[in-house]
*Asks:* 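Can you keep this structure in mind? I'll have questions shortly.
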Amino acid sequence: MTRPVTDRRTLLKVGLAAPLALQASAAGAAESKEIAMFGPERLLADLKTYAEAGNKQSGGAGDRATADWTAKRLAAAGFAVERQVFDVPWFEASRCELALGDLKIALVAQPLATETGAAGLEAPLRLAETAERLDGAIAVVRLPHRRWSSLVDRAVRDPLADALSRGASAVILVTTGPSGEALLLNTPADRPISDRPLALLAPRLAAPVIEAARHGRPARLTLLGSGGTRKAENVIGRRLRPGRPWLVVSTPRSGWTDCAGERGPGIAIWLALADWMPRVYAEHNLLFVCNSGHEYENLGASHIVEAIGPPPAETDFWLHLGANVATRDYQEMPGRLLPLPSADPFRFLMTSHEYVERAREIFKGQPGAEMAYPSSEGTAGELSEVIRAGYTRHAGIFGAHRHHHAATDILSTVAAEPLAATARGFRDLLSAIVPTHR
């Protein structure tokens with residue numbers, strides 16, 4: 001048998017080809033991992049885990065379970081993890097209803113709640129839009145159709161204050177919005193907005209109450225429950241590279257309901273970025289924060305920027321993922337919502353001025369997010385806390401989907417493909433603003 005002749009040049013080619021092949025294989029594996037990381041299956045699986053934790057009120061069981069889960073995920077991604085503990089108020093109603101004769105209508109207690117006592121409050125119902133005094137009455141305040149979010153919104157605060165100033169002994173807010181449900185409203189943590197009982201009424205249940213209020217009919221309001229103060233936690237993860245600038249990614253974790261659409265997309269994208277960024281930003285310090293206390297007017301975020309955030313001058317970029325990052329859109333029909341496969345466009349992408357055009361290019365074709373705005377035109381939510389703290393290079397997204405703050409904000413409010421498109425958009429925006437080192 002004659003062996004083939006192998007010269008030195010051939011051996012050299014083979015020797016060079018082997019490491020090149022290994023490099024190509026490693027690069028291909030990394031690319032496949034990144035595709036999966038920002039793919040719909042992985043993102044939706046994380047969102048499902050978040051949704052299944054249940055109610056996310058600050059310091060409650062669902063919020064604590066989600067804090068533990070996100071902390072474990074950060075640790076698995078190589079972050080040093082700590083918790084920032086702070087006090088939050090809480091109230092859980094044991095009974096909240098309005099009795100009109102034999103008819104009992106379910107209400108929702110608005111924290112921070114003032115109870116009626118076991119006997120309830122018996123008084124005539126009156127529509128608050130009357131110009132007359134409301135002395136001793138249970139005033140019914142009908143809010144116009146909107147995606148309501150906060151008690152400090154003047155469109156809520158002013159009619160509530162007006163009804164109380166005219167002598168109402170209690171107030172029922174009809175939170176008219178697309179879901180037809182009662183919408184819990186964000187509130188300051190330090191004091192109740194009302195020193196008298198305040199409850200929320202779903203617009204789909206409101207017809208008999210409004211009719212009774214037109215005629216001043218008697219009713220009995222009962223609002224009972226328990227409350228106080230408990231501990232909540234901000235979850236904080238750091239990857240330290242001494243002497244290097246910082247990149248920060250933040251997202252809220254808490255809310256009044258299960259918050260699948262309100263918070264879930266932000267959490268899922270935040271987790272994907274936590275896995276991706278340590279590899280591609282090896283020359284930066286990384287800070288990932290997941291806040292509780294959101295429903296108490298950004299209470300957790302205020303603690304982060306006061307005590308945890310790095311010096312603004314040493315921070316290359318802060319990305320904030322707020323409410324309605326990528327939630328399902330719906331057709332509004334009388335009495336129902338029909339699901340669509342696209343993202344709800346009622347989301348606002350805000351960046352510091354120099355990044356607006358780049359953000360518009362990257363998010364082109366994505367409803368709502370495609371039209372980034374300069375944050376100098378005004379912001380909302382926790383992004384406002386970041387900007388007030390002096391972080392001049394930033395981007396954030398926030399909004400309110402059609403089930404925002406409703407008990408119906410469950411897993412079905414999210415569609416996988418828009419979620420993945422939004423996740424890739426934020427990955428690409430980061431890459432464009434702060435070049436990666438692959």
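The structure presented is a predicted model; accordingly, all values stated were derived computationally and were not measured. These numbers come from the heavy atoms of this one structure, side chains and all, not from hydrogens, waters or symmetry mates.
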*Asks:* Hydrogens and angles aside, do T229 and D87 bring a side-chain donor and acceptor to less than 3.5 Å of each other?
*Replies:*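 Judged by distance alone, the side chains do not pair up.
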
*Asks:* So do W318 and S250 actually touch side chain to side chain, heavy atoms under 4.5 Å?
*Replies:*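 In short, these two side chains touch, coming nearer than 4.5 Å.
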
*Asks:* Measure the spacing between CG of L429 and CZ of F317 and express it to the nearest 0.5 Å.
*Replies:*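 Atom-to-atom, L429:CG and F317:CZ are 5.0 Å apart.
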
*Asks:* Say whether N291 and E382, considering side chains only, have a donor N or O and an acceptor N or O under 3.5 Å apart.
*Replies:*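 The answer is yes; a qualifying pair exists.
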
*Asks:* Mind listing the side-chain donor-acceptor pairs of residues 307-315 below 3.5 Å, one per line with the distance, residues two or more places apart or on another chain?
*Replies:*
unit_1	atom_1	unit_2	atom_2	d
T315	OG1	P311	O	2.9

*Asks:* Examine the side chains of T408 and H403 and answer whether a donor and an acceptor come within less than 3.5 Å of each other.
*Replies:*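 H403 and T408 do have a side-chain donor-acceptor pair below 3.5 Å.
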
*Asks:* Using modelled atom types only, decide if a donor and an acceptor are shared between the side chain of Q84 and the backbone of I236 within a distance under 3.5 Å.
*Replies:*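 The answer is no, because no donor-acceptor pair under 3.5 Å joins these two groups.
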
*Asks:* So, are K231 and E233 salt-bridged, with charged N and O less than 4.0 Å apart?
*Replies:*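 No salt bridge links K231 with E233.
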
*Asks:* CD/Q110 to CG/L183 distance, rounded to the nearest 0.5 angstrom?
*Replies:*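 The distance works out to 10.0 Å.
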
*Asks:* Using the six-membered ring wherever Trp is involved, compare the ring planes of W256 and Y296 and label them parallel, tilted or perpendicular (cut-offs 30° and 60°).
*Replies:*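 The arrangement is perpendicular - the two ring planes meet at more than 60°.
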
*Asks:* Would you mind listing every ring pair (Phe, Tyr, Trp, His ring centres under 6.0 Å) that reaches into residues 410-431, with sequence neighbours excluded?
*Replies:*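 As it turns out, the ring pair (Phe, Tyr, Trp, His ring centres under 6.0 Å) pairs with a partner in residues 410-431, which skip direct neighbours, are F363-F426.
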
*Asks:* Short question: side chain of T351, backbone of P374 - any donor-acceptor pair under 3.5 Å?
*Replies:*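 Side chain of T351 to backbone of P374, a donor-acceptor pair under 3.5 Å: no, none is there.
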
*Asks:* May I ask you to decide if the ring planes of F348 and Y373 are parallel, tilted or perpendicular, using 30° and 60° as cut-offs?
*Replies:*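 F348 vs Y373 ring planes: tilted.
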
*Asks:* Among side-chain atoms of H294 and S254, is any donor-acceptor pair under 3.5 angstrom?
*Replies:*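 No - no donor-acceptor pair under 3.5 Å links their side chains.
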
*Asks:* Between T187 and E295, is there a side-chain donor-acceptor contact under 3.5 Å, judged purely by atom types and distance?
*Replies:*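 No, T187 and E295 have no side-chain donor paired with an acceptor closer than 3.5 Å.
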
*Asks:* Report, as yes or no, whether the 6.0 Å neighbourhood of atom CD on Q331 holds more than 12 heavy atoms from other residues, nucleotides or ligands.
*Replies:*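 No, because the 6.0 Å sphere around CD of Q331 holds 12 heavy atoms or fewer from other groups.
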
*Asks:* Apply salt bridge (charged side-chain N to carboxylate O under 4.0 Å, His left out) to residues R157 and D153 and explain how you reach the verdict.
*Replies:* CA-CA 6 Å; R157 185 184 64 203; D153 183 334; over 6 Å; no

*Asks:* Distance-only, no hydrogens or angles: does the S352 side chain make a donor-acceptor pair with backbone N or O of H394 under 3.5 Å?
*Replies:*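 Yes, S352 side chain to H394 backbone: donor-acceptor pair under 3.5 Å.
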
*Asks:* Quick one: do D68 and R83 make a salt bridge, cutoff under 4.0 Å?
*Replies:*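 Salt bridge between D68 and R83, a charged N being under 4.0 Å from a carboxylate O: yes.
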
*Asks:* Report yes if the side chains of E385 and E306 come closer than 4.5 Å at any heavy-atom pair, otherwise no.
*Replies:*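 Sidechains of E306 and E385: no contact.
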
*Asks:* Between the side chains of H284 and R239, is a donor N or O closer than 3.5 angstrom to an acceptor N or O?
*Replies:*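 Note: H284 and R239 side chains miss the donor-acceptor criterion.
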
*Asks:* How long is the gap from CG on L411 to CZ on R328, to the nearest 0.5 Å?
*Replies:*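 Here the interatomic distance stands at 9.0 Å.
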
*Asks:* Can you see whether S302 engages N298 through a side-chain donor-acceptor pair at a distance of less than 3.5 angstrom?
*Replies:*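 There is no such pair (donor and acceptor under 3.5 Å, judged by atom type) between the side chains of S302 and N298.
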
*Asks:* Where the side chain of T413 meets the backbone of D409, is there a donor-acceptor pair that is under 3.5 Å apart?
*Replies:*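 Side chain of T413 to backbone of D409, a donor-acceptor pair under 3.5 Å: no, none is there.
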
*Asks:* Would you kindly say whether R402 and T327 are connected by a side-chain donor-acceptor distance under 3.5 Å?
*Replies:*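 No, because no side-chain N or O of R402 sits under 3.5 Å from a partner of the opposite role on T327.
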
*Asks:* Indicate yes or no for a side-chain donor-acceptor contact from D258 to the backbone of K56 under 3.5 Å, with no hydrogens or angles considered.
*Replies:*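 A pair under 3.5 Å: no.
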
*Asks:* With rounding to the nearest 0.5 Å, note down the distance linking CG in D329 to CG in D344.
*Replies:*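 These two atoms lie 4.5 Å from each other.
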
*Asks:* I'd like to know if the side chain of R147 and the backbone of A400 have a donor-acceptor N/O pair within less than 3.5 Å.
*Replies:*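 Yes.
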
*Asks:* Quick check against the 3.5 Å criterion: does R253 have a side-chain atom that pairs as donor or acceptor with the backbone of T70?
*Replies:*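 No, the answer is negative, given that no donor and acceptor are paired below the 3.5 Å cut-off.
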
*Asks:* Is it possible for you to check whether R424 lies under 6.0 Å from the centre of the six-membered ring of F38, through NZ or CZ, and within 45° of that ring's axis?
*Replies:*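 R424 over F38 ring: no.
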
*Asks:* Is the shortest heavy-atom distance from the side chain of I397 to the side chain of L321 under 4.5 Å?
*Replies:*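 Yes, their side chains come closer than 4.5 Å.
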
*Asks:* For Y281, does its backbone N or O pair with a side-chain atom of R241 as donor and acceptor, under 3.5 Å?
*Replies:*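 Checked: pair present.
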
*Asks:* For R42 versus M37, what's the shortest heavy-atom pair and its separation?
*Replies:*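 Of all heavy-atom pairs spanning R42 and M37, the closest is CG-O, 3.5 Å.
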
*Asks:* Around H145, counting heavy atoms of other residues, nucleotides and ligands shown, do more than 12 lie under 6.0 Å from its NE2?
*Replies:*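 Count over threshold, so yes.
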
*Asks:* Could you give the distance from CG (L201) to CG (L173), rounded to the nearest 0.5 Å?
*Replies:*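 Reported to 0.5 Å precision, the distance equals 9.5 Å.
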
*Asks:* Would R238 count as a cation-pi partner of F79, with NZ or CZ less than 6.0 Å from the six-membered ring centre and within 45° of the ring normal?
*Replies:*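 Verdict for F79: no cation-pi partner in R238.
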
*Asks:* Side-chain donor-acceptor pair under 3.5 Å between T257 and H405, yes or no?
*Replies:*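 Looking only at side-chain atoms, H405 and T257 do not form any donor-acceptor pair under 3.5 Å.
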
*Asks:* For the pair S179 (side chain) and E181 (backbone), establish whether a donor and an acceptor sit closer than 3.5 Å, ignoring hydrogens and angles.
*Replies:*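 Side chain of S179 to backbone of E181: a pair is present.
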
*Asks:* Looking at M371, is its backbone amide N or carbonyl O close enough to the side chain of R360 to form a donor-acceptor pair, meaning the two atoms are under 3.5 Å apart?
*Replies:*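 It does not hold such a pair.
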
*Asks:* Report the distance from atom OG1 of T116 to atom CG of L121, rounding to the nearest 0.5 Å.
*Replies:*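 The distance works out to 7.0 Å.
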
